Trainee: 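Following this message is one structure expressed as structure tokens.
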Amino acid sequence: MSRTPRVTRALNTVLGPVVKGYEDPDRAWAKTVAQVEKKAGAEDRQFADDLGAIMRGAAEIPRLSPLGWSLILADVKARYVNRLRVNHLLAEHPEIADEQITAPVIVCGLPRTATTLAHRVLSASPDHRAPLLWEMQNTGFEDPRSEQKLIKQMEQGAGLMERFAPDIPHIHPINVDRPEESMFLLPHGSHWPTLHGLMPEYSAWAAARDQTGDYEYLKSCLQVLQHGRAPKRWFLKYPAHLADMDTILKVFPDATFVWTHRDPVTVIGSFCSLMETFWGMYQHDTDRQVIGRFALDHLVGQVNRGLELRRNLPPASIVDVPYHKLSADPFTEVPRLYAAIGATWTARDQEHLADVVAKPKGTPSHRYDLSDYLDAAEVEQTFGPYNRLLDRLDLRDAELTVEL
């Protein structure tokens with residue numbers, strides 16, 4: 001049964017006759033670029049051309065809906081607007097580039113392994129800093145009088161997205177004024193097909209790119225957000241950083257990686273459910289078997305790449321965090337985690353931890369069934385190398401019913 005709600009199907013019916021950009025994505029993107037550059041009075045042609053690859057990829061998505069195309073175009077356009085804003089600030093205030101981003105902590109691991117919880121508890125300290133969703137989408141926005149208005153507008157937009165995909169709040173709540181995944185500052189990567197649909201030509205193009213420039217842009221955005229404020233230690237989170245640890249260390253040589261772990265059989269069932277929820281906003285129908293196959297190939301490739309990189313990293317640069325310990329006993333595990341990354345655990349942190357880890361009252365559990373997407377025995381076998389790491393480090397345990 002489709003998860004696509006009635007309001008989404010109705011909107012696609014209305015938009016169908018008027019939304020045609022995906023029939024000629026290059027032309028549609030060129031028109032959008034011209035509008036953005038005219039308003040900004042500036043351009044970044046290489047960045048714009050590379051973003052065009054996303055729009056060509058969007059046109060590849062099977063059963064792409066008019067709403068799906070419109071949402072992707074709006075997202076890519078906003079990323080170009082943000083890039084030009086950051087470029088302007090760096091040109092106007094070259095001293096921003098001197099801001100030191102010291103010893104950042106990168107939370108990564110397979111998705112659905114409590115990366116969000118780890119990021120939340122690490123960034124909660126007054127001495128720590130994580131980029132908020134609204135800041136990543138409006139980097140360098142400096143107008144205190146309008147800030148709350150902007151946040152309110154973005155919250156309304158997030159609420160609208162939840163109407164298109166009502167299960168999102170149960171699986172991955174979106175809060176525009178809280179820390180979020182740094183994929184919102186990375187122009188390219190696997191997040192595009194993961195959240196929207198199969199984009200094989202784009203995926204091949206993105207995989208062949210040198211991502212150093214993307215992470216340098218991420219660093220520039222952090223420098224903009226830090227400029228004029230007391231420096232704090234930055235905490236970033238995005239599961240797919242796992243496969244980019246070598247590139248990250250080129251840009252942030254003193255980074256520490258917090259790698260969260262969980263039984264992959266449970267991980268992939270949860271991840272497939274998440275994908276189905278998001279794909280439903282961008283496609284007329286979703287195919288669970290296609291989702292399962294993509295998810296398995298993607299996550300196995302991601303974790304195997306992480307295992308390969310791990311062998312060449314100093315042991316002290318990676319802190320392993322088991323899902324079951326962090327979720328079952330945060331009052332023991334979180335202070336240990338702080339110590340492992342060289343941070344100070346204070347009485348204030350202890351006092352506020354219960355509020356940090358609490359889920360909103362009335363939040364339904366995330367329900368899913370792996371058999372809708374894949375065979376559990378195949379998943380267990382395919383993740384063999386990763387499971388051997390979990391066993392060697394004693395990071396596997398019986399699954400809890402808690403969803404984070």
Side-chain angles (χ1 to χ4, degrees), residues 105-124 170-173 179 181 235 237-242 256-274 295-296 299-300 302-304 306-307 310 315 318-341 343 345 349-350 352-360 363-371 373-374 376-404:
V105 173
I106 315 295
V107 180
C108 57
L110 290 175
R112 320 305 295 163
T113 59
T115 53
T116 297
L117 177 61
H119 191 220
R120 189 189 310 155
V121 298
L122 287 169
S123 59
H170 312 156
I171 304 175
H172 186 88
E181 295 186 350
F235 287 75
K237 172 248 178 178
Y238 176 40
H241 285 322
L242 182 64
T256 297
F257 299 97
V258 170
W259 185 340
T260 57
H261 300 277
R262 188 183 187 188
D263 189 314
V265 172
T266 301
V267 164
I268 201 163
S270 181
F271 183 61
C272 287
S273 176
L274 174 70
L296 183 60
L299 294 188
V300 168
Q302 180 176 299
V303 79
N304 285 348
L307 293 174
R310 182 187 181 110
I318 296 180
V319 178
D320 294 298
V321 178
Y323 172 97
H324 62 277
K325 291 183 179 179
L326 181 61
S327 56
D329 188 10
F331 284 90
T332 298
E333 192 65 15
V334 175
R336 186 201 72 81
L337 178 55
Y338 268 61
I341 63 170
W345 181 252
D349 295 322
Q350 181 77 14
H352 289 88
L353 181 58
D355 293 333
V356 174
V357 301
K359 294 182 68 175
T363 302
S365 296
H366 176 200
R367 304 293 182 184
Y368 52 87
D369 188 338
L370 175 60
S371 64
Y373 310 95
L374 289 162
E378 180 187 6
V379 174
E380 183 75 19
Q381 180 180 11
T382 307
F383 277 98
Y386 179 56
N387 285 331
R388 286 192 286 275
L389 171 71
L390 298 185
D391 291 336
R392 178 166 59 84
L393 299 178
D394 192 25
L395 296 174
R396 278 218 273 188
D397 201 348
E399 274 296 322
L400 302 174
T401 58
V402 179
E403 280 296 332
L404 299 170

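Keep in mind that what you see is a predicted model, and the values were worked out from it rather than measured.
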Trainee: Measuring from atom CH2 of Trp259 to atom CG of Leu110, what distance do you get when rounded to the nearest 0.5 angstrom?
Mentor: 8.0 Å
Trainee: Going by salt bridge (charged side-chain N to carboxylate O under 4.0 Å, His left out), name the residues that satisfy it together with Asp349, two or more places apart in sequence or in a different chain.
Mentor: none
Trainee: Check step by step if side-chain contact (heavy atoms from CB on, under 4.5 Å) holds for Trp345 and Leu353.
Mentor: CA-CA 11 Å; Trp345 181 252; Leu353 181 58; 4.1 Å; yes
Trainee: Output all residues satisfying side chain to side chain contact (heavy atoms under 4.5 Å, CB included) with Ala124, sequence neighbours left out; order by chain, then residue number.
Mentor: Val356
Trainee: Do you know which of Leu117, Val258, Leu242 makes side chain to side chain contact (heavy atoms under 4.5 Å, CB included) with Val107?
Mentor: Val258
Trainee: Not counting sequence neighbours, which residues clear ring-ring contact (aromatic ring centres under 6.0 Å, His included) with Tyr386? List them please.
Mentor: His261
Trainee: Not counting sequence neighbours, which residues clear ring-ring contact (aromatic ring centres under 6.0 Å, His included) with His119? List them please.
Mentor: none
Trainee: Work out which heavy atom in Gln302 is nearest to a heavy atom in Gly109; give both atom names and the distance.
Mentor: NE2-O, 3.8 Å
Trainee: Could you name each residue pair satisfying salt bridge (charged side-chain N to carboxylate O under 4.0 Å, His left out) that touches residues 326-335, not counting sequence neighbours?
Mentor: Glu333-Arg336
Trainee: For Ala339, enumerate each residue passing the side chain to side chain contact (heavy atoms under 4.5 Å, CB included) test, keeping only those at least two apart in sequence or located in another chain.
Mentor: none
Trainee: To check you understand the geometry: which heavy-atom pair defines the closest contact between Val121 and Tyr338, and what is its length?
Mentor: O-OH, 2.7 Å
Trainee: Please lay out, stage by stage, how Arg310 and Asp320 fare under the test side-chain contact (heavy atoms from CB on, under 4.5 Å).
Mentor: CA-CA 11 Å; Arg310 182 187 181 110; Asp320 294 298; 2.7 Å; yes
Trainee: Could you work out, with side chain to side chain contact (heavy atoms under 4.5 Å, CB included) as the rule, every residue matching Asp369, not counting sequence neighbours?
Mentor: Ser371, Asp372
Trainee: Any heavy-atom pair between the side chains of Val300 and Pro264 that's under 4.5 Å?
Mentor: no
Trainee: May I have the step-by-step check of side-chain contact (heavy atoms from CB on, under 4.5 Å) for Phe235 and Ile341, ending in yes or no?
Mentor: CA-CA 11 Å; Phe235 287 75; Ile341 63 170; 3.6 Å; yes
Trainee: Of all the heavy-atom pairs spanning Tyr368 and Ser270, show the shortest one and how long it is.
Mentor: CE1-N, 3.5 Å
Trainee: Looking at OG1 of Thr113 and CG of Asp263, how far apart are the two atoms once the value is rounded to the nearest 0.5 Å?
Mentor: 12.0 Å
Trainee: Test of understanding: with side chain to side chain donor-acceptor pair (under 3.5 Å), list the residues that count as partners of Thr115, not counting sequence neighbours.
Mentor: none
Trainee: Could you check Leu122 against Lys237 for side-chain contact (heavy atoms from CB on, under 4.5 Å), going step by step and ending with a plain yes or no?
Mentor: CA-CA 10 Å; Leu122 287 169; Lys237 172 248 178 178; over 6 Å; no
Trainee: Check whether any side-chain N or O of Arg262 sits under 3.5 Å from a backbone N or O of Ala114 as a donor-acceptor pair, and report yes or no.
Mentor: no
Trainee: For a quick test of reading the model, state the closest non-hydrogen atom pair linking Ile268 to Leu296 and the distance between them.
Mentor: CD1-CA, 3.4 Å
Trainee: Identify, with sequence neighbours excluded, every residue that meets ring-ring contact (aromatic ring centres under 6.0 Å, His included) alongside Phe271.
Mentor: none
Trainee: Please name the pair of heavy atoms, one in Val319 and one in Ala340, separated by the smallest distance, quoted to 0.1 Å.
Mentor: CG1-CB, 3.7 Å
Trainee: Restricting to non-hydrogen atoms, name the atom on Cys272 and the atom on Ala295 that form the minimum distance, rounded to 0.1 Å.
Mentor: SG-CB, 3.6 Å
